[in-house]
Amino acid sequence: MKIAVGCDHAGFVLKSAVLEYLKGRAEVLDHGTFSGDRVDYPDIAFKVGRSVSQGEADRGVLLCGTGIGMAIAANKIKGIRAATCNDPELASLSRAHNDLNVLAMGGRVIEPAQVAPILDAWFSTPFEGGRHLIRLDKIAACEASAFNVHFSSVGSVMVLHHPLIQHKMGIIRDKKTTVKEFRELVQELAGLMVYEITRNLPLTEIEVETPLAVTKAFTLSGKKLAVVPVLRAGLGMVDGILQLIPNAKVGHIGLYRDPETLEPVEYYCKLPPDVGEREIFVLDPMLATGGSATAALSLIKDRGAEKISLVSLIAAPEGVNRVQAEHPDVDIFIAALDTHLNEHGYIMPGLGDAGDRLFGTK
Ligand code: RB5
């Protein structure tokens with residue numbers, strides 16, 4: 001287990017007790033602070049929160065004067081459930097009922113000797129699930145709307161509700177939209193969607209010299225990106241994303257549907273060689289039955305990819321269910337969840353055949 005730990009000056013002494021406790025029990029990511037000098041607790045809380053939110057650490061422990069400020073700040077990070085637990089009973093209940101993933105304690109409230117029983121309780125108590133999960137889902141849904149996405153904890157399906165995305169979706173659905181407009185809109189939509197999806201990419205602080213002074217700035221850190229369009233309609237989304245992330249590598253997957261078995265068959269697959277070290281966005285504008293998407297995801301995983309998201313403009317519930325059943329680890333990002341598939345396998349109301357509308361083949 002990996003634990004992210006952080007403190008401010010008022011939690012500095014308590015942090016030593018936490019690190020001592022974790023020795024031999026867990027791998028520690030120490031986010032500071034590293035002396036008793038005054039620092040602002042939110043800076044540390046955000047680092048630990050992001051570490052947990054992004055999966056770098058399994059859980060986090062934060063120490064400040066009371067534990068309160070750290071918990072408030074950490075709770076601003078997506079997916080964080082932080083609370084102050086200055087006694088073992090609270091720590092135990094926080095796991096059982098709240099699935100607490102960041103524990104905060106106060107160096108001005110408890111003694112270093114009290115840390116071990118609190119952490120014992122926190123680590124040994126499992127989440128009870130059931131009615132508590134329903135409540136956490138409600139919190140997650142509220143949080144997701146604050147991040148302008150809709151979220152379900154049954155797998156991860158996020159409908160991106162940004163007004164520009166929804167406006168453009170209205171235009172591409174219109175049968176009167178021309179091939180030229182359709183093509184441009186798919187690019188724009190893909191770019192806007194990826195802009196939303198990447199809002200939590202990890203950053204590293206750097207120093208840059210402006211013409212006037214040296215200042216702190218940020219640079220992207222963490223996994224590099226790759227986009228993998230599923231041929232042929234996925235191609236329509238690539239350039240819109242590359243405009244924002246020009247260094248992303250591009251792989252391609254070609255699948256056709258066997259007319260007898262109706263199952264997807266691979267006819268082309270070329271991926272970046274370092275696919276395992278990249279965060280992959282699989283692009284397929286229409287998630288209908290989920291047949292091609294699940295096959296594409298399996299192919300990419302077979303070649304070593306680990307962190308994969310599926311980006312589609314429109315999905316049918318049938319497709320979402322199939323992807324979630326076969327690839328529960330894959331996040332699905334869509335601009336609209338439509339009602340059903342018709343007898344020909346088209347998403348209803350949908351927008352017709354995205355490939356034909358992109359390439360003018362009908
Ligand atoms: C720092 O003096 C103190 O305000 C901080 O450690 C914490 O207790 C805030 O909640």
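Nothing fancy with the numbering, it's 1 onward along the sequence. Order of listing sets the numbers, starting from 1, for every ligand and every atom in it.
- With hydrogens and angles left out, the side-chain atoms of Ser92 and Glu89 include no donor and acceptor closer than 3.5 Å.
- A heavy-atom distance below 4.5 Å is found between the side chains of Ile197 and Phe281.
- Ligand 1 has no N or O atom lying under 3.5 Å from any N or O atom of Ile68, backbone or side chain.
- Hydrophobic clustering keeps Leu103 apart from Ile44 (ILVMFWY residues linked when any side-chain heavy atoms are closer than 4.5 Å, directly or through intermediates).
- In summary, the atoms of ligand 1 found under 4.0 Å from a heavy atom of Gly65, numbered by their order in the structure, are 5 (C), 6 (O), 7 (C), 8 (O).
- A distance of 12.0 Å separates OG in Ser292 from CE in Met286, rounded to the nearest 0.5 Å.
- Among all protein heavy atoms, the one lying closest to atom 9 (C) of ligand 1 is Tyr41 CE2, 3.5 Å.
- Ligand-side atoms of ligand 1 in range of Asp8: 1 (C), 5 (C), 6 (O), range being under 4.0 angstrom from any heavy atom.
- Every heavy atom of Arg38 sits 4.0 Å or more from the atoms of ligand 1.
- Residue Arg108 approaches ligand 1 through these ligand atoms, each under 4.0 Å from one of its heavy atoms: 1 (C), 2 (O), 3 (C).
- No more than 12 heavy atoms of other residues, nucleotides or ligands shown are found within 6.0 angstrom of OH on Tyr195.
- Proximity of Thr84 to Thr66: side-chain heavy atoms (C-beta onward) are nowhere separated by under 4.5 Å.
- When side chains are defined from C-beta on, Pro349 counts as touching Thr339, because their heavy atoms get closer than 4.5 Å.
- Short contacts between ligand 1 and Ala10, defined as distances under 4.0 Å to a heavy atom of the residue, involve ligand atoms 6 (O).
- Among protein heavy atoms, atom 1 (C) of ligand 1 sits closest to His9 NE2, 3.7 Å.
- Considering backbone and side-chain N/O of Gly69, one or more are found under 3.5 Å from N/O of ligand 1.
- At least one N/O-N/O distance between Thr66 and ligand 1 falls below 3.5 Å.
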